[in-house]
Amino acid sequence: MSIGDRRTSPRGWVRRLAVLMLAVAALGTVGCRQDMQDQPYYEPFEASELFDNGTTNQPLPAGTVARGLLKEDTHYWFGRNESGQWVETLPAQIQGSRELLERGQERFEIYCSVCHDSSGSGRGMIVRRGFKQPQPLYEQRLKDMPLGYFYDVATNGFGIMPAYSKQVPEDDRWAIAAYIRVLQLSQGSTVDELPADVRNELHEALAADHGDSSHE
Ligand code: HEC
C-alpha cells in the first residue's frame with residue numbers, strides 16, 4: 001500500500017464536505033425540534049420552586065367564582081329569597097303567560113308525568129310498575145306550599161325522587177313549577193270558580209251533550 005493511496009482526491013474532499021454540511025444541517029433541525037418540544041413554560045403539575053407548595057398548580061383564591069357562574073339572584077337560581085325562604089312568585093326574568101304554562105305542561109308531561117301522572121295524582125306508569133307512589137300534587141299540603149318549593153323539588157329532588165337540574169334547565173323548571181299550580185287548580189275547584197265566559201261555555205256544552213243523549 002503506497003502513501004499515494006491514502007491521499008484523498010479533490011473529489012473525495014468535496015464529498016466529505018457535503019456529508020459534513022448535511023450532518024450540521026441535520027443537527028440544526030434536531031436542535032430546533034428539541035427547543036419546540038421543551039419550551040420555557042410550566043406545564044400543569046410541574047415541579048416549581050417558585051411557590052411554597054412546590055408545584056405550578058396553585059389553589060383558587062377563596063371565593064373565586066368562574067365568570068358567568070355567580071348565582072347572586074337566589075330567587076331565580078334557588079327559588080328562595082335572600083333569607084332562604086321559598087318565594088311565592090315567579091322570578092322577574094320569567095314572564096307569567098299562557099306560553100309559559102304551555103311550556104310547563106309539555107315539560108311536565110315529558111319529565112314528571114311518568115311518575116306523577118298527567119293529572120298529578122301520583123299514579124304514573126313508573127309507579128304502576130312498582131316505584132314509590134308520591135302524594136297527589138294537588139293535595140292541600142302542597143297547595144299551601146310556595147311556588148319556589150316546586151322549583152326546588154324539581155332542582156334537587158325530594159326523598160326517593162331524583163333531581164332534575166341536569167335534564168331540565170332553570171327556565172323550564174320555573175315553567176313546570178307554574179304548571180303544577182294549574183294542576184292544583186284543576187282538581188277540586190268548583191264550576192262557580194271558573195271565569196264567567198268559560199262557565200257559560202261549559203253549561204252550553206253540557207246542555208248540548210244532554211240534548212244529544214236524550215235523543216238516543
Ligand atoms: C321516577 C319517578 C318520579 C319522577 C320522574 C318525578 N317524581 Fe316527583 N316524586 C316522586 C316520588 C316517589 C315522590 C315522593 C318522594 C318520597 O316521599 O320519598 C315525589 C315527590 C314530589 C313532590 C312532592 C314533595 C312533597 O313535599 O311531598 C313534588 C312537588 C314533585 N315530586 C315534583 C316533581 C316534578 C316537578 C317532576 C318533574 C321534573 C317530578 N317530580 C318527577 C317520583 C318522581
Side-chain angles (χ1 to χ4, degrees), residues 71 74-81 84-91 93-195 197-216:
K71 294 182 174 173
T74 60
H75 190 140
Y76 177 72
W77 291 104
F78 306 108
R80 294 173 186 268
N81 62 21
Q85 286 144 342
W86 288 304
V87 293
E88 301 279 355
T89 55
L90 287 170
Q93 54 271 64
I94 305 278
Q95 194 70 38
S97 64
R98 189 183 177 94
E99 285 75 48
L100 181 80
L101 297 179
E102 281 169 356
R103 174 79 182 170
Q105 178 176 32
E106 186 200 43
R107 298 291 108 178
F108 183 90
E109 289 293 337
I110 294 170
Y111 291 104
C112 320
S113 70
V114 286
C115 290
H116 287 277
D117 180 47
S118 293
S119 70
S121 71
R123 288 190 298 271
M125 188 50 80
I126 296 183
V127 170
R128 280 184 266 158
R129 292 284 180 271
F131 201 70
K132 178 177 177 181
Q133 181 169 343
Q135 316 230 303
L137 291 176
Y138 43 78
E139 69 165 9
Q140 194 57 45
R141 178 182 63 90
L142 290 174
K143 277 185 176 173
D144 294 339
M145 279 300 198
L147 188 66
Y149 179 66
F150 303 105
Y151 175 85
D152 189 357
V153 173
T155 305
N156 300 309
F158 175 84
I160 199 178
M161 175 188 145
Y164 279 83
S165 56
K166 293 281 188 296
Q167 299 96 314
V168 189
E170 285 76 22
D171 286 15
D172 283 345
R173 276 179 263 142
W174 279 112
I176 289 175
Y179 180 67
I180 289 178
R181 282 280 188 255
V182 174
L183 289 180
Q184 292 174 336
L185 273 173
S186 77
Q187 306 291 319
S189 297
T190 61
V191 176
D192 294 339
E193 289 173 72
L194 292 171
D197 52 334
V198 181
R199 194 165 55 226
N200 288 340
E201 230 175 86
L202 185 72
H203 280 313
E204 279 163 25
L206 281 175
D209 207 29
H210 196 245
D212 279 353
S213 54
S214 62
H215 287 302
E216 277 167 15

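Reckoned from all heavy atoms, side chains included, excluding hydrogens, waters and symmetry mates.
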Review point. After noting the C-alpha distance and the side-chain angles of Tyr76 and Ile94, does the key distance pass the side-chain contact (heavy atoms from CB on, under 4.5 Å) rule?
Key: CA-CA 9 Å; Tyr76 177 72; Ile94 305 278; 4.1 Å; yes
Practice item. Would you please test Glu106 and Tyr179 for side-chain contact (heavy atoms from CB on, under 4.5 Å) and show each step? Key: CA-CA 9 Å; Glu106 186 200 43; Tyr179 180 67; over 6 Å; no
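- In terms of heavy atoms, Phe131 sits closest to Cys115 at CD2-SG, 4.2 Å.
- Residue Tyr138 comes nearest to Gln187 through the heavy atom pair CD2-CG, 3.2 Å, listed as atom of the first residue, atom of the second, then distance.
- With values rounded to the nearest 0.5 angstrom, Thr89 atom OG1 is found 9.5 Å from Asn81 atom CG.
- Taking the six-membered ring for Trp and thresholds of 30 and 60 degrees, His75 and Trp174 have ring planes inclined between 30 and 60 degrees apart.
- The two residues Ala175 and Arg103 make their nearest non-hydrogen contact at CB-CG, 4.1 Å.
- Looking at every heavy atom in both residues, Arg181 comes nearest to Pro146 through NH2-C, 3.6 Å.
- With a 4.5 Å cut-off on side-chain heavy atoms, Tyr151 and Glu170 count as touching.
- One N or O on the side chain of Arg128 and one on the backbone of Arg123 form a donor-acceptor pair closer than 3.5 Å.
- For the pair Val182 and Gln105, the minimum side-chain heavy-atom distance is 4.5 Å or more.
- The shortest distance between side-chain heavy atoms of Arg107 and Tyr164 does not fall below 4.5 Å.
- Ring-plane geometry between Phe108 and His116 is classed as tilted, the angle between the planes lying from 30 to 60 degrees on a 0 to 90 degree scale.
- Shown here is Arg141, whose CZ atom has more than 12 heavy atoms of other residues, nucleotides or ligands within 6.0 Å.
- Leu142 places a side-chain heavy atom less than 4.5 Å from the side chain of Phe150.
- Heavy atoms only, all atoms of each residue included: Glu109 and Ser118 are closest at OE1-OG, 2.9 Å.
- The shortest distance between side-chain heavy atoms of Leu90 and Leu100 falls below 4.5 Å.
- When only modelled atom types and interatomic distance are considered, Asp144 and Gln140 share a side-chain donor-acceptor pair under 3.5 Å.
- With hydrogens and angles disregarded, no donor-acceptor distance shorter than 3.5 Å links the side chain of Gln135 to the backbone of Gly122.
- A donor-acceptor pair is defined here as one N or O able to donate and one able to accept, closer than 3.5 Å; such a pair exists between the side chain of Arg199 and the backbone of Leu194.
- A donor-acceptor contact closer than 3.5 angstrom is absent between the side chains of Asp192 and Thr190.
- More than 12 heavy-atom neighbours from other residues, nucleotides or ligands sit within 6.0 angstrom of CZ on Arg80.
- Closest heavy-atom contact between Leu183 and Leu137: CD1-CD1, 4.5 Å.
- Proximity of Phe158 to Asp152: side-chain heavy atoms (C-beta onward) are nowhere separated by under 4.5 Å.
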